[in-house]
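Heads up: numbering here begins at 1 and tracks the sequence.
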Amino acid sequence: MNELGPWLILFLPLLSAALIAFGLHRSKALSAGLSIGVVWVGFFIAAGFLVDAFSAAGGGAHGADGHAVAAGSAWSIHHAIDWISVGAHTLQYSVFVDGLSLIMLMVVLGVGGLIHIYALGYMKGDDGFSRFFAYLSLFMFSMLGIVLSDNFFQIFIHWELVGVSSYLLIGYYYKKPSASAAGNKAFLTNRVGDFGFMLGILMLYFATGTANFTEMGEVIGAEGWADVQKFSMLGTAVTNEHFMWVAGALTLMGVMGKSAQFPLHVWLPDAMEGPTPVSALIHAATMVAAGVFLLARIFFVYLPSDTAMSIVAHLGMFTAFFAATIATTQFDIKRILAFSTLSQLGYMVMAIGLNGTDVAMYHLTTHAFFKALLFLGAGSVIHAVHTNDIREMGGLIKKLPITSWLFLIGTLALCGFPWLSGFWSKDGVLHLTHAPPAYADNMLIHWLPTFTAVLTSYYMFRLVFLTFFGKPRYHGEPHESPPTMWVPMAVLCLLAVIAGPMLFTEDVIATFRSLTRPAGSSPFHHIHADANTVIHALLIFGVGAGAAWVTFSRGWVDPERIKKALGPIHRLFDNRWYIDDLYTWIVNNIQQNFARLCDGFDRIVIISGLVNGSAFTTRALGALSARYQTGSVRTYAMLFVAGVAALLALTL
């Protein structure tokens, strides 16, 4: 199975997409069954690999200093075939399963499989039911290709395929103008990031002579870029240090697009126009996590440069805070969760920048559980009340008891309530900020992530109180979702509760972190639930959730008074820091005026001047010369004599 298994994991979803598109779409049952089946086949194959990896690692171990031993990091499966050869260069198509990609496989296939089942109930009766599952299968193939790639060129191909798949899924309701616009926005925004990503790939390839991650890491080495040739730009030699952070910054643009980091975050909130299973699949567990996975995979690019690492850390820190502030003012239930996702992705990116790759991947894993649960819970609510506006909900805990309690537990996990999964992973990220590396040691890193965690508790319990508690404000008669929808939610809820020491021993978590920790990354001390850690987590949770309780549950504080008191700050957050407005202004004024200038130059100078002008001149000269083509010998003789006379006059 080690020979064939990775190929099956990768290509079964592509086969599913092709079969549904070209034949099985006539049967909704067969289309859904095939799409769901291939995901779970891949999951069980990956689960077998996980058992092998943990066995090879000896179940996890600890050194004398309490650090996790990286025993499992050497386990891998690698198969490659020659794909394209150009001269001395050969591009291989590979499947590469190591500890990092294995953990990502389990998340993508496990959470993705549950979301596929949920979609059975959510999309029931939809006219494009089979088309939807064909798109899901194409997306899974594209995403799994990123996870299993061993080189930059292959990962870039699947990176773009994920962009196409997400465009199809976000714009699934293509007859709805807002959905089509959201799909276009996601596609175009990611192209901006991918342009920089492509430039970074080319810089790294020509500098190291290889696109393979393992080989490139060996060339760069633990000492930095000493063995890498100098890179010449515009005839000026660029130092290795400059080269490192420029190449890292360009590849980071790809991460900023896929993982929706500032300032390329604008596509993700609008992507909520897609069906809710799409929101859960793309925006909680898979596509947006691809950027974090890529950072972990190419960590060797950033590690030698303190500047590059600092850029990553501060970008993640600001994105986490920035998105959390916007979430505090939103009323669309899915958009609140979308901005929450942006914020948590910021935590993961920050953790990698603080040399905590294993912590980032641990938070990625737990976040996939509780955020997918929250998105599916939001879908269950929307399915019942037919609106996304939390101001038109209220009191739903009586009508949707299963959904309500599952959503509440997912919220507690997201807020880092002690002993739930988010407590272990999120506090692990916050722990990194207490003693950051020297290049990121400043007051913002120390305090802003903690304040962001307070905001997380505030906006999530604002959502909970307005949606599930208080007086009913909904219309109609809501009812609980069918088992096909709430059973996957229950499984995700269970994982959100126990994906920590409650389920896994510290040795198992140590092995997990050894599998996801690249060479050169600092080992991480485990978070222990001592009194100080628990009090810290409860204090963060209590301040944020308490503020939401007194405002939106008890009504002791009027939200309108807060809004009025904050004034321009509230307007800043409510208008998403005016970033979308800025981009709209740039497109409508700078880009459009530049386009008009180019159009005018094209019409006046190129077409009217060069093309039409040359044609007119040629035609005029032809007409003039035609007047003297009479066929008369006397006329030609006279012209000949006149020409000779003119030449003689000029020479005298």
Side-chain angles (χ1 to χ4, degrees), residues 70 72-76 78 94 96-104 146-156 159 196-231 238-255 259 290-313 315-316 348-361 364 437 439-440 513-524:
S73 58
W75 179 92
S76 66
H78 187 211
S94 310
F96 178 52
V97 187
D98 64 347
L100 183 65
S101 57
L102 181 56
I103 298 302
M104 195 69 181
I146 291 177
V147 176
L148 294 171
S149 295
D150 75 338
N151 65 82
F152 264 122
F153 293 140
Q154 182 179 337
I155 209 171
F156 187 77
W159 197 264
F197 184 31
M198 180 175 62
L199 292 179
I201 290 174
L202 294 175
M203 286 181 67
L204 292 169
Y205 176 74
F206 285 113
T208 62
T210 180
N212 182 275
F213 297 133
T214 303
E215 295 173 358
M216 188 178 290
E218 292 173 352
V219 171
I220 294 173
E223 293 82 21
W225 289 69
D227 298 329
V228 178
Q229 65 187 25
K230 291 287 180 102
F231 188 80
V238 178
T239 65
N240 289 341
E241 170 68 16
H242 290 160
F243 178 87
M244 282 186 289
W245 77 258
V246 170
L250 287 171
T251 52
L252 184 62
M253 287 184 66
V255 176
S259 288
V292 178
F293 170 78
L294 176 68
L295 278 179
R297 173 62 78 204
I298 62 171
F299 185 71
F300 55 82
V301 173
Y302 301 91
L303 185 61
S305 170
D306 286 350
T307 303
M309 291 288 283
S310 180
I311 290 172
V312 174
L315 173 69
M348 299 172 207
V349 171
M350 180 185 70
I352 292 178
L354 296 177
N355 206 350
T357 303
D358 52 348
V359 184
M361 290 302 297
L364 183 154
Y439 57 78
R513 287 179 169 163
S514 73
L515 290 171
T516 56
R517 187 170 60 247
S521 176
S522 299
F524 177 69

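- Counting only heavy atoms from C-beta outward, the side chains of S76 and V97 never approach each other to under 4.5 Å.
- Rounded to the nearest 0.5 Å, atoms OG1 (T307) and OH (Y302) are 13.5 Å apart.
- T208 OG1 to M216 CE: the interatomic distance, rounded to the nearest 0.5 Å, is 3.5 Å.
- Two residues are said to be in side-chain contact when any heavy atoms from C-beta on lie closer than 4.5 Å; N355 and F299 meet this criterion.
- Under the 4.5 Å side-chain criterion, counting only non-hydrogen atoms from C-beta, V312 is in contact with V349.
- Between T251 atom OG1 and I201 atom CD1 the span is 8.5 Å, to the nearest 0.5 Å.
- Residue pairs meeting the salt bridge (charged side-chain N to carboxylate O under 4.0 Å, His left out) criterion with at least one member in residues 243-254: none, sequence neighbours excluded.
- Remark: S149 engages Q154, I155, H158 in a side-chain contact (heavy atoms from CB on, under 4.5 Å) (not counting sequence neighbours).
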### Task
Decide side chain to side chain contact (heavy atoms under 4.5 Å, CB included) for V255 and V292; before the verdict, give the C-alpha distance in whole Å, the side-chain angles of both, and the deciding distance to 0.1 Å.
CA-CA 7 Å; V255 176; V292 178; 5.9 Å; no
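- Shown here are the ring pair (Phe, Tyr, Trp, His ring centres under 6.0 Å) partners of F197, two or more places apart in sequence or in another chain: F156, W159.
- In this structure, the separation between CD on E218 and CZ on F213 is 14.0 Å, given to the nearest 0.5 Å.
- L303 CG to I298 CD1: the interatomic distance, rounded to the nearest 0.5 Å, is 12.5 Å.
- With sequence neighbours left out, the side-chain contact (heavy atoms from CB on, under 4.5 Å) criterion links S310 to H314, Y439.
- In this structure, L364 and M104 have side chains that are in contact, with non-hydrogen atoms separated by less than 4.5 Å.
- Side-chain atoms of S94 do not come within 3.5 Å of backbone N or O of F96 as any donor-acceptor pair.
- With contacts defined as side-chain heavy-atom distances shorter than 4.5 Å, the pair M361/M348 does not qualify.
- The two atoms that bring L354 and A313 nearest to each other are CD2-CB, 4.0 Å, heavy atoms only.
- Legend: salt bridge (charged side-chain N to carboxylate O under 4.0 Å, His left out) pairs involving residues 293-303, not counting sequence neighbours, sorted by first then second residue: D98-R297.
- Closest approach of A290 and I146 over heavy atoms only: CB-CD1, 4.4 Å.
- Residue D358 holds its CG atom at 11.5 Å from CD1 of I103, rounded to the nearest 0.5 Å.
- A search for side-chain hydrogen bond (donor to acceptor under 3.5 Å, both in side chains) contacts involving Y205 returns H89, not counting sequence neighbours.
- The two residues S305 and A308 make their nearest non-hydrogen contact at OG-N, 3.1 Å.
- Checked against side-chain contact (heavy atoms from CB on, under 4.5 Å), L315 has the following partners two or more places apart in sequence or in another chain: L252, M256, Q261, T319.
- Considering all non-hydrogen atoms of both residues, M309 and I352 come closest at CE-O, 3.5 Å.
- Listed here is the closest heavy atom pair of L204 and A247: CD2-CB, 3.9 Å.
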